[in-house]
Each structure stands twice: as structure tokens, then as C-alpha cells.
Amino acid sequence: MKHYEVLFILKPTLTEEEVSAKVDFVKEILTKNGGEIESIVPMGTRKLAYVIKKHERGTYFVIYFKAPPTLIAELQRVLGITEEIIRFLIVKYENAKEISAWEKLSHGIKQGRRETKTAQEPENQPEIQG
């Protein structure tokens with residue numbers, strides 16, 4: 001079983017019931033084809049970077065799952081023909097470092113860059129007016 005995530009964007013015109021039904025539909029595809037869902041992260045409705053299929057906004061979801069590689073072709077096929085899904089992206093995590101990141105992400109632990117110390121301005125520095 002390989003580690004994957006699928007991010008998909010639903011049309012913003014869907015009702016809450018329709019959104020819930022589409023998420024259940026994707027979950028069903030994963031489980032029926034041998035996948036194990038680790039977590040589902042609803043990311044809310046956001047403005048798209050550019051117009052996709054005449055939509056300026058979309059409702060984002062990320063599902064972290066483990067699955068055999070054969071499931072991915074079926075998942076791509078079904079997501080591609082589902083009208084309510086305007087975009088999707090499937091990411092495969094391969095090496096140990098990526099799988100470690102997948103474990104953290106799937107359990108809701110935020111990934112952060114190493115904290116670097118930045119130079120702070122002294123508190124008693126006079127203001128420059130010009």
C-alpha cells in the first residue's frame with residue numbers, strides 16, 4: 001500500500017447536502033477499490049487563482065489515504081468525469097521523508113519551516129522622518 005493524498009475542488013454552487021454526498025462518493029471510490037482513508041480535511045470555499053469552468057470560487061477538500069497503485073487510475077477516471085469536481089490533484093508520497101510528512105499531515109500536525117531567527121529592531125531606535 002502506497003501513501004497518497006487527493007485534493008479536489010467542488011463547484012461553489014453545491015448545497016451542503018450535495019457537497020457531503022460528493023465527499024461520500026469519493027470516499028466510496030477509495031474504499032471499494034482497496035484504499036484505506038486516513039483523514040479528510042475540508043478546507044472551505046476559497047477564491048480560485050483563475051477562472052475554472054466559469055467558476056471563480058471552489059470548495060476544497062483533501063483526503064489522505066493508503067491504496068494499491070491500481071486504484072489511482074480508477075480514481076483519476078472517475079474524478080475526471082464527475083461534473084461537480086472542477087479540478088483534482090493526486091499526490092504520491094514515496095520516500096521515508098515524504099511518508100513522515102504524510103503521517104504528520106494526515107493527523108493534522110502542521111508542517112513548518114525550520115524557525116530562523118530574524119534580526120529584530122532595537123526598541124529605542126529613533127524614528128527617521130523625512
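Note: hydrogens, waters and symmetry copies are ignored here, and every other heavy atom, side chains too, is used.
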List for me each residue that meets side-chain contact (heavy atoms from CB on, under 4.5 Å) alongside [X], sequence neighbours excluded, and say none if there are none.
X: E36; answer: M1, K66
X: M43; answer: L7, V41, R46, Y60, V62
X: T15; answer: E17, E18
X: E74; answer: N33, R77, V78

Drop me the distance from [X]'s [atom1] to [Y]'s [atom2], to the nearest 0.5 angstrom.
X: I9; Y: K53; atom1: CD1; atom2: NZ; answer: 10.5 Å
X: S20; Y: L10; atom1: OG; atom2: CG; answer: 10.5 Å
X: I52; Y: K11; atom1: CD1; atom2: NZ; answer: 12.5 Å

Pairing residues for E84 by the salt bridge (Lys or Arg N to Asp or Glu O under 4.0 Å) criterion, not counting sequence neighbours: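 Once residues adjacent in sequence are excluded, the partners of E84 under the salt bridge (Lys or Arg N to Asp or Glu O under 4.0 Å) criterion are K22.
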Hydrophobic clustering (ILVMFWY, side-chain heavy atoms < 4.5 Å, transitive) - are F65 and I99 grouped together?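 Different clusters.
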With hydrophobic residues grouped by side-chain heavy-atom distances under 4.5 Å, do L30 and L105 end up in a single group?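 No.
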Between T82 and V26, is a side-chain contact (heavy atoms from CB on, under 4.5 Å) present by the stated rule, with each step listed? CA-CA 10 Å; T82 304; V26 174; over 6 Å; no
Which is it for H3 and E38 under the side-chain contact (heavy atoms from CB on, under 4.5 Å) test, yes or no, and what are the steps along the way? CA-CA 10 Å; H3 296 77; E38 189 71 27; over 6 Å; no
Report the relative orientation of the aromatic rings in F61 and F8; use parallel for angles under 30°, tilted for 30 to 60°, perpendicular for over 60°.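 Parallel, since the angle between the ring planes stays under 30°.
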In sequence, state the C-alpha distance, the side-chain angles, and the governing distance for F25 and I85, and then conclude on side-chain contact (heavy atoms from CB on, under 4.5 Å). CA-CA 11 Å; F25 172 72; I85 296 176; 5.6 Å; no
Heavy-atom pair of closest approach, residues [X] and [Y]:
X: G34; Y: P68; value: O-CD, 3.5 Å
X: P69; Y: Y4; value: CA-OH, 3.6 Å
X: G35; Y: A67; value: CA-CB, 4.0 Å

Acceptor/donor pairs from residues 86-96 side chains to any protein atom, 3.5 angstrom cut, sequence neighbours excluded:
{"from": "Y93", "atom 1": "OH", "to": "E5", "atom 2": "OE1", "distance (Å)": "2.3"}
{"from": "N95", "atom 1": "OD1", "to": "K97", "atom 2": "N", "distance (Å)": "3.2"}
{"from": "N95", "atom 1": "OD1", "to": "E98", "atom 2": "N", "distance (Å)": "2.8"}

